[in-house]
Amino acid sequence: MSPAVQTSIYFWFGYPVPPKERMGLIADAGFDAVMLWWGDEYRAANGTKEQLPELARRRGLWVENIHVPFSDANLLWKDGVTAESVYARYLSCIDACRDHGIPVMVLHATQGNHPPPAGPTGLDRLRRLVERAQRQDVTIALENLRQSEHLDRAFEAIPSDRL
């Protein structure tokens with residue numbers, strides 16, 4: 001359970017420090033929680049992402065959320081095999097939250113200045129993601145939308161405490 005009042009910092013703070021040491025520096029600086037990147041891009045520097053929640057907890061840090069990769073966020077709104085693989089990646093991130101006791105998954109619903117329209121394909125995928133999140137006791141936090149249309153449409157179409 002999270003503390004009532006907490007201070008949190010993103011796990012990567014700009015300097016290449018081994019993960020165990022970085023967690024120690026964060027805890028020693030007085031932070032209560034960390035936010036973790038849930039991609040494999042930084043595996044060489046950080047080790048596996050799956051080890052990070054336990055490293056945090058060993059230092060007394062609560063894991064506030066994971067931030068999922070967003071390089072293909074616009075595919076959420078498109079048809080096709082590649083789009084389905086992005087959707088499947090997001091589903092697995094929800095399961096990772098459940099498996100590691102992390103309450104929130106941060107997701108970019110779009111990327112860049114010219115995302116595809118906020119149409120039924122993306123809304124259906126978001127709806128199914130939220131349904132999975134509800135079953136896993138995870139909340140999906142949408143962020144970094146340069147236009148509000150996708151956010152507005154998502155909240156209109158998916159009334160849920162888990163979004």
Backbone N or O of [Y] within a donor-acceptor pair of the [X] side chain at under 3.5 Å?
{"X": "Arg125", "Y": "Lys78", "answer": "yes"}
{"X": "Asn74", "Y": "Gln111", "answer": "yes"}
{"X": "Gln51", "Y": "Asn46", "answer": "yes"}
{"X": "His108", "Y": "His67", "answer": "no"}

Please test Glu64 against Val104 for side-chain contact (heavy atoms from CB on, under 4.5 Å), starting from the C-alpha separation and ending with a verdict. CA-CA 7 Å; Glu64 181 179 319; Val104 177; 5.9 Å; no
Contact between [X] and [Y] at the side-chain level, heavy atoms closer than 4.5 Å - yes or no?
{"X": "Val68", "Y": "Arg89", "result": "no"}
{"X": "Phe11", "Y": "Ile26", "result": "yes"}
{"X": "Tyr42", "Y": "Trp12", "result": "no"}

Point-to-point distance, once rounded to the nearest 0.5 Å, from [atom1] of [X] to [atom2] of [Y]:
{"X": "Ile9", "Y": "Asp32", "atom1": "CD1", "atom2": "CG", "result": "12.0 Å"}
{"X": "Glu54", "Y": "Arg58", "atom1": "CD", "atom2": "CZ", "result": "4.5 Å"}
{"X": "Phe31", "Y": "Trp62", "atom1": "CZ", "atom2": "CH2", "result": "15.0 Å"}
{"X": "His100", "Y": "Arg57", "atom1": "NE2", "atom2": "CZ", "result": "8.5 Å"}
{"X": "Ile94", "Y": "Arg162", "atom1": "CD1", "atom2": "CZ", "result": "11.0 Å"}
{"X": "Asp95", "Y": "Met105", "atom1": "CG", "atom2": "CE", "result": "10.0 Å"}

State yes or no: do [X] and [Y] share one hydrophobic cluster built from I, L, V, M, F, W and Y residues joined by side-chain heavy-atom distances below 4.5 Å, directly or via other members?
{"X": "Ile66", "Y": "Leu91", "value": "yes"}
{"X": "Leu25", "Y": "Leu55", "value": "yes"}
{"X": "Val63", "Y": "Val106", "value": "no"}
{"X": "Tyr10", "Y": "Leu142", "value": "no"}
{"X": "Trp37", "Y": "Met35", "value": "yes"}

Relative to the ring of His150, is the ring of Trp77 parallel (under 30°), tilted (30 to 60°) or perpendicular (over 60°)? perpendicular
Pair Gln136-Cys97, side-chain contact (heavy atoms from CB on, under 4.5 Å): steps then yes or no: CA-CA 8 Å; Gln136 309 294 6; Cys97 283; over 6 Å; no
Measure across [X] and [Y] and return the closest heavy-atom pair with its distance rounded to 0.1 Å.
{"X": "Pro115", "Y": "Gly112", "answer": "CD-O, 4.0 Å"}
{"X": "Trp38", "Y": "Pro69", "answer": "O-CD, 3.3 Å"}
{"X": "Pro19", "Y": "Leu52", "answer": "CB-CD2, 3.8 Å"}
{"X": "Leu123", "Y": "Ile158", "answer": "O-CD1, 3.9 Å"}
{"X": "Ala154", "Y": "Leu163", "answer": "O-CD2, 4.0 Å"}
{"X": "Leu107", "Y": "Ile140", "answer": "CD2-CG2, 4.0 Å"}

Not counting sequence neighbours, which residues clear side chain to side chain contact (heavy atoms under 4.5 Å, CB included) with Arg59? List them please. Met23, Ala27, Asp28, Leu61
Looking at Glu131 and Arg127, is any side-chain nitrogen of the basic one under 4.0 Å from a carboxylate oxygen of the acidic one? no
If the test is side-chain contact (heavy atoms from CB on, under 4.5 Å), which one of Val130, Val138, Asp137 qualifies with Gln134? Val130
Does NZ or CZ of Arg128 come closer than 6.0 Å to the centre of the six-membered ring of Tyr87, within 45° of the ring's axis? yes
